[in-house]
Amino acid sequence: MATQMTRNRSGQINIVLNDKKEVKIDHDHQLHYVKNSPFTLIDQQFSSFVAMKELKRTIKEIYATIVVNEKREEIGLTCSKQVLHMLFKGNPGTGKTTVARKLAKIYFDMNLLSKGHFIEAERADLVGEYIGQTAQKTRSIIQKAMGGILFIDEAYSLARGGEKDFGKEAIDTLVKHMEDNHNDFVLILAGYPFEMERFLTLNPGLESRFPFILDFKDYEVDHLMEIAKQMASEREYQLTKEAEWKLHAHLYKKTLAKERNFSNARYVRNVIEHAIRKHAVRLLSQGQFQAEDLIHLTGKDIQFDNLSH
């Protein structure tokens, strides 16, 4: 449909459609969105998330598209529904599950999902042991997830058995429901970067069904330190300078080694929780302590023995 836009002296924007009807949009109403920052909700929901600029930008693009499409629909212009299925690629501890869970709430607040709940599934939840069971199990999980987000981590495990494996049936069932129910159902597949790339090559046409493919990069040392301080603060603890230096040096070595099983933020959480336990034992052994001793995690408390990666 051809359109023409003109602006009159009062500041209104007039959109003239090809049927010669004129529709007026109140310019002051448009300013309302700008002045009150339309992305405030997104910024608030992701304020505690370290890094993840690409993700925040993508969510803002989705929100902006929705609002503009509503405005286009109001004046009779063509608009299409935004498909929200996503694919997350990243190593353990890079925030994939946490982000997916947060998106369920945000999409509900945006009125994109009717329930906004979060269902997490793995291969065993989808793949059966005999013919016909897989499609039934997969449809059951999808039905539970309707109105929310279905999150499948290590999604490539569905294709590990080859053509004769029932995992292929699960993938086919997921693909069908991605198309049929995309208005009130979001599927997010996640896993290691290399394995997810290979998974997509084994399933031609699957990648095109995910308009949003996000790479969750490993955190840099400074980001991991920020996460550590945040985790301590949430528990009403503080790291002393000595503790910070000790943790920073350790994390620098871990990131430099690029260990495949190093789990990023998850590892940092284990360090902080371990330090809190060591802190408690140290204070109890002292027999007496000041109020500030209850708050500060020292270098003595930061220990790395027997920690899972």
Side-chain angles (χ1 to χ4, degrees), residues 55 58 62 81-108 112-216 260-261 263 266:
L55 170 74
T58 298
I62 292 171
K81 278 283 185 180
Q82 176 72 69
V83 177
L84 298 173
H85 303 308
M86 294 181 166
L87 195 145
F88 291 174
K89 295 186 292 183
N91 290 321
T94 49
K96 300 185 296 297
T97 305
T98 304
V99 166
R101 189 175 283 112
K102 177 67 73 173
L103 286 178
K105 182 182 186 307
I106 289 178
Y107 286 163
F108 174 74
L112 295 176
L113 294 173
S114 60
K115 297 179 182 176
H117 60 303
F118 177 81
I119 301 292
E120 186 172 359
E122 55 185 23
R123 178 185 166 90
D125 299 312
L126 305 171
V127 179
E129 298 178 359
Y130 53 83
I131 295 174
Q133 187 185 24
T134 295
Q136 182 181 354
K137 290 182 73 173
T138 304
R139 282 195 297 266
S140 176
I141 288 288
I142 292 170
Q143 196 58 42
K144 290 178 182 177
M146 287 301 297
I149 286 179
L150 174 59
F151 179 79
I152 304 175
D153 201 5
E154 298 185 6
Y156 38 79
S157 65
L158 296 174
R160 70 186 179 197
E163 286 293 319
K164 295 182 180 180
D165 184 70
F166 291 138
K168 186 177 184 300
E169 186 180 358
I171 295 170
D172 293 340
T173 305
L174 287 168
V175 167
K176 182 180 186 305
H177 284 274
M178 286 172 69
E179 297 294 322
D180 296 347
N181 302 305
H182 66 268
N183 287 338
D184 198 23
F185 167 68
V186 175
L187 174 66
I188 299 179
L189 301 185
Y192 287 105
F194 175 78
E195 283 82 350
M196 290 303 288
E197 289 287 351
R198 187 169 181 274
F199 172 62
L200 292 175
T201 62
L202 293 173
N203 297 272
L206 186 60
E207 184 173 3
S208 63
R209 300 178 190 276
F210 291 91
F212 303 102
I213 298 178
L214 298 178
D215 291 305
F216 285 68
R260 178 173 168 77
N261 63 343
S263 60
R266 196 179 305 160

**Student:** State whether the side chain of Lys115 and the backbone N or O of Phe108 hold a donor-acceptor pair below 3.5 Å, judged by distance alone.
**Tutor:** no

**Student:** Using 30° and 60° as the class boundaries, would you call the ring planes of Phe216 and Phe88 parallel, tilted or perpendicular?
**Tutor:** tilted

**Student:** Can you tell me how far the CG atom of Leu158 sits from the CD1 atom of Ile171, to the nearest 0.5 Å?
**Tutor:** 5.0 Å

**Student:** State, to 0.1 Å, how close Ile62 and Phe212 come at their nearest heavy-atom pair, and which atoms those are.
**Tutor:** CG1-CZ, 3.5 Å

**Student:** Please report the C-alpha distance between Met196 and Leu189 in whole Å, then the side-chain angles of each, then the deciding distance to 0.1 Å, and finally whether the side chain to side chain contact (heavy atoms under 4.5 Å, CB included) criterion is met.
**Tutor:** CA-CA 9 Å; Met196 290 303 288; Leu189 301 185; 4.1 Å; yes

**Student:** Looking at every non-hydrogen atom in both residues, tell me the closest pair between Ala104 and Ile149 and how far apart they are.
**Tutor:** N-CD1, 3.4 Å

**Student:** Does a side-chain heavy-atom distance below 4.5 Å link Leu150 with Ile152?
**Tutor:** yes

**Student:** Please identify which of these residues, Glu197, Glu207, Glu195, meets the salt bridge (Lys or Arg N to Asp or Glu O under 4.0 Å) condition with Lys89.
**Tutor:** Glu197

**Student:** If you take all heavy atoms of Ala100 and Phe118, which pair is closest and at what distance?
**Tutor:** CB-CE1, 3.6 Å

**Student:** Could you check whether any side-chain N or O of His85 sits under 3.5 Å from a backbone N or O of Met178, counting only pairs where one atom can act as donor and the other as acceptor?
**Tutor:** yes

**Student:** Would you find a donor on one side and an acceptor on the other, under 3.5 Å apart, between the side chain of Thr138 and the backbone of Ala135?
**Tutor:** no

**Student:** Is the backbone of Gln136 close enough, under 3.5 Å, to the side chain of Ser140 for a donor and an acceptor to pair up by distance?
**Tutor:** no

**Student:** Between Ile213 and Met86, is there a side-chain heavy-atom distance shorter than 4.5 Å?
**Tutor:** no

**Student:** Give me the one residue out of Leu174, Leu200, Leu87 that meets side-chain contact (heavy atoms from CB on, under 4.5 Å) with Leu206.
**Tutor:** Leu200

**Student:** Quick one: does Pro193's side chain get under 4.5 Å of Asn91's, heavy atoms only?
**Tutor:** yes

**Student:** Please give me the minimum heavy-atom distance between Ser114 and Asp184, naming the atom from each residue.
**Tutor:** OG-OD2, 2.7 Å

**Student:** Please assess Phe210 against Leu187 for the test side chain to side chain contact (heavy atoms under 4.5 Å, CB included), listing each intermediate value before the final yes or no.
**Tutor:** CA-CA 9 Å; Phe210 291 91; Leu187 174 66; 4.3 Å; yes

**Student:** Could you tell me whether Asp172 and Lys176 have a side-chain N and a carboxylate O separated by less than 4.0 Å?
**Tutor:** no

**Student:** Measuring from atom NZ of Lys105 to atom NE2 of His117, what distance do you get when rounded to the nearest 0.5 angstrom?
**Tutor:** 15.5 Å

**Student:** Rounded to the nearest 0.5 Å, how far does CZ of Arg123 lie from OH of Tyr156?
**Tutor:** 13.0 Å

**Student:** To check you understand the geometry: which heavy-atom pair defines the closest contact between Gly147 and Leu113, and what is its length?
**Tutor:** O-CB, 3.3 Å

**Student:** Kindly indicate whether the side chain of Leu103, heavy atoms from C-beta on, has any atom under 4.5 Å from the side chain of Ile188.
**Tutor:** yes

**Student:** Identify the two heavy atoms, one from Ala145 and one from Phe185, that lie closest to each other, and give their separation to 0.1 Å.
**Tutor:** CB-CE1, 4.0 Å

**Student:** Side-chain contact, heavy-atom cut-off 4.5 Å: Ser157 with Glu122?
**Tutor:** no

**Student:** Roughly how far, to the nearest 0.5 Å, is NZ of Lys102 from OG1 of Thr97?
**Tutor:** 14.5 Å

**Student:** Look at the side chain of His177 and the backbone N and O of Gln143, then say whether any donor-acceptor pair between them is shorter than 3.5 Å.
**Tutor:** no

**Student:** Hey, what do you get for CG (Leu126) to OG1 (Thr134), rounding to the nearest 0.5 Å?
**Tutor:** 8.5 Å

**Student:** Is a side-chain N or O of Lys137 found less than 3.5 angstrom from the main chain of Ala124, in a donor-acceptor match?
**Tutor:** yes

**Student:** How far does OG1 of Thr98 sit from CZ of Arg101, to the nearest 0.5 angstrom?
**Tutor:** 6.5 Å

